[in-house]
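Residue numbers count from 1 along this sequence. Ligands are counted one by one from 1 in listed order, and the atoms in each one are counted from 1 as well.
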Amino acid sequence: MTLVAATAQFIAQKFADEGSGHDWAHIRRVWLMAQRLAVSTPEADRDVTELSALLHDIADWKFHDGDYEAGPRAAREWLRSQAAPEELIARVETVIREVSFKGLGVPTPVSSVEAALVQDADRLDAIGAIGIARAFAYGGHKGRPLHDPAVAPVAHESFASYQQNVAPTLNHFYEKLLHLKSRMHTVAARQIAQERHAFMEAYVARFLAEWEGTE
Ligand code: ADP
Ligand code: NI
């Protein structure tokens with residue numbers, strides 16, 4: 001079995017019962033999307049792209065007491081257990097470190113084409129129909145209200161402030177989701193993002209109209 005196939009099997013098992021929107025189905029979509037985006041980025045290393053996509057949420061800080069190194073560390077442990085070359089492991093670790101959104105006012109530059117592909121793929125899964133579903137699933141998992149007009153959205157200027165946020169779920173659209181379209185690195189992702197963004201904007205407008213009882 002190839003390292004990519006073994007990793008897919010390992011992650012599929014590990015995340016089978018996850019219920020917060022960071023499940024195997026999410027990881028699988030990111031893996032497939034990264035490969036789709038890679039078609040127009042032939043210089044990207046296939047193994048680095050696919051392994052990083054598969055391992056990008058292996059130990060998310062949100063579920064590890066805010067420990068931002070938990071993900072890269074868990075990925076390294078897995079790849080070492082499979083006797084992967086150290087150079088490959090280091091490249092995957094770097095991608096995982098760079099993928100995550102850290103607050104509206106916090107830049108998240110990428111240092112490789114592979115990181116650009118995986119970050120774009122992960123962010124495409126945060127918008128559109130599935131993105132909406134994942135946001136409310138996450139909010140429900142955390143016991144948050146759907147919406148509260150009295151709580152204004154915040155443009156988090158630091159990762160710490162973003163991490164501590166406990167706002168109603170609709171605020172997440174203003175604090176992250178509606179900004180992702182303009183933060184894509186690849187042309188292919190930007191195109192896919194257009195339609196998903198438009199759908200999400202229409203959805204939010206409709207949500208607010210129904211909330212106010214005008215629809
Ligand atoms: P990234 O995938 O860039 O690391 P996160 O892990 O912070 O981003 O978020 C992944 C997904 O989890 C989001 O796209 C969203 O669907 C959901 N999520 C995260 N934080 C929130 C939140 N505060 N409210 C609602 N959904 C959230
Ligand atoms: Ni993800």
Side-chain angles (χ1 to χ4, degrees), residues 11 14-15 18-34 37 49-72 74-75 92 95-110 115-148 151-156 158-181 183-185 189 193 196-197 199-200 203-204 207:
I11 293 292
K14 187 173 160 73
F15 286 88
E18 218 277 338
S20 74
H22 291 73
D23 48 15
W24 166 239
H26 160 66
I27 295 164
R28 185 175 166 277
R29 286 190 303 269
V30 172
W31 178 34
L32 295 178
M33 182 60 81
L37 300 177
T49 304
E50 292 194 41
L51 291 169
S52 305
L54 285 166
L55 294 167
H56 84 276
D57 272 336
I58 187 172
D60 194 287
W61 57 263
K62 283 192 287 317
F63 309 104
H64 290 81
D65 297 324
D67 179 1
Y68 186 47
E69 275 299 307
V92 171
V95 175
I96 295 174
R97 214 170 270 128
E98 292 175 351
V99 166
S100 215
F101 187 81
K102 300 181 182 71
L104 202 53
V106 187
T108 47
V110 290
L117 294 174
V118 179
Q119 194 188 82
D120 280 0
D122 192 32
R123 292 179 177 189
L124 282 172
D125 207 54
I127 63 176
I130 286 182
I132 294 167
R134 289 181 66 222
F136 286 106
Y138 182 90
H141 184 75
K142 293 283 189 180
R144 311 239 173 102
L146 302 179
H147 176 43
D148 182 349
V151 184
V154 176
H156 297 281
S158 76
F159 189 28
S161 136
Y162 178 69
Q163 284 177 307
Q164 283 154 21
N165 160 54
V166 291
T169 302
L170 201 73
N171 289 22
H172 196 61
F173 288 79
Y174 299 102
E175 294 175 0
K176 173 181 177 185
L177 308 184
L178 289 167
H179 299 274
L180 295 179
K181 172 181 67 99
R183 295 181 181 209
M184 296 292 163
H185 301 284
R196 294 188 182 191
H197 179 90
F199 182 83
M200 205 163 51
Y203 172 83
V204 171
F207 179 107

Query - ligand 1 to Arg123 polar contact by distance, N or O atoms, under 3.5 Å - result: no
Query raised in the report: N/O to N/O below 3.5 Å, does that happen between Phe101 and ligand 1?
Result: yes
Query raised in the report: Given that the side chain starts at C-beta and the backbone is N, CA, C, O, which of these parts of Arg144 lies under 4.0 Å from ligand 1, counting heavy atoms, or is it both or neither?
Result: side chain
Query raised in the report: Are more than 12 heavy atoms from other residues, nucleotides or ligands located less than 6.0 Å from atom CZ of Phe207?
Result: yes
Query - Structural part of His172 in contact with ligand 1, heavy atom criterion under 4.0 angstrom - result: side chain
Requested in this report: Give a yes or no on this: more than 12 heavy atoms of other residues, nucleotides or ligands lie within 6.0 Å of atom CZ of Arg28.
Outcome: no
Query - Side chain, backbone, both or neither: the part of Tyr138 lying under 4.0 Å from ligand 1 by heavy atom - result: side chain
Requested in this report: Report yes or no: does Lys176 have a heavy atom closer than 4.0 Å to ligand 1?
Outcome: yes
Query - Residue Asp122, metal the Ni ion (ligand 2), N/O/S under 2.8 Å - result: yes
Requested in this report: Would you please classify the geometry between the Tyr162 ring and the His156 ring as parallel, tilted or perpendicular, with 30° and 60° separating the classes?
Outcome: perpendicular
Requested in this report: Measure up the Tyr203 and Phe136 rings against each other and bin them: parallel (under 30°), tilted (30 to 60°), perpendicular (over 60°).
Outcome: perpendicular
Query raised in the report: Is Tyr162 in contact with ligand 1, taking contact as a heavy-atom separation below 4.0 Å?
Result: yes
Query raised in the report: With backbone taken as N, CA, C and O and side chain as the heavy atoms from C-beta onward, which portion of Asp125 lies under 4.0 Å from ligand 1: side chain, backbone, both, or neither?
Result: neither
Query raised in the report: Applying the side-chain hydrogen bond (donor to acceptor under 3.5 Å, both in side chains) test to His56, which of Gln119, Arg97, His26 qualifies?
Result: His26
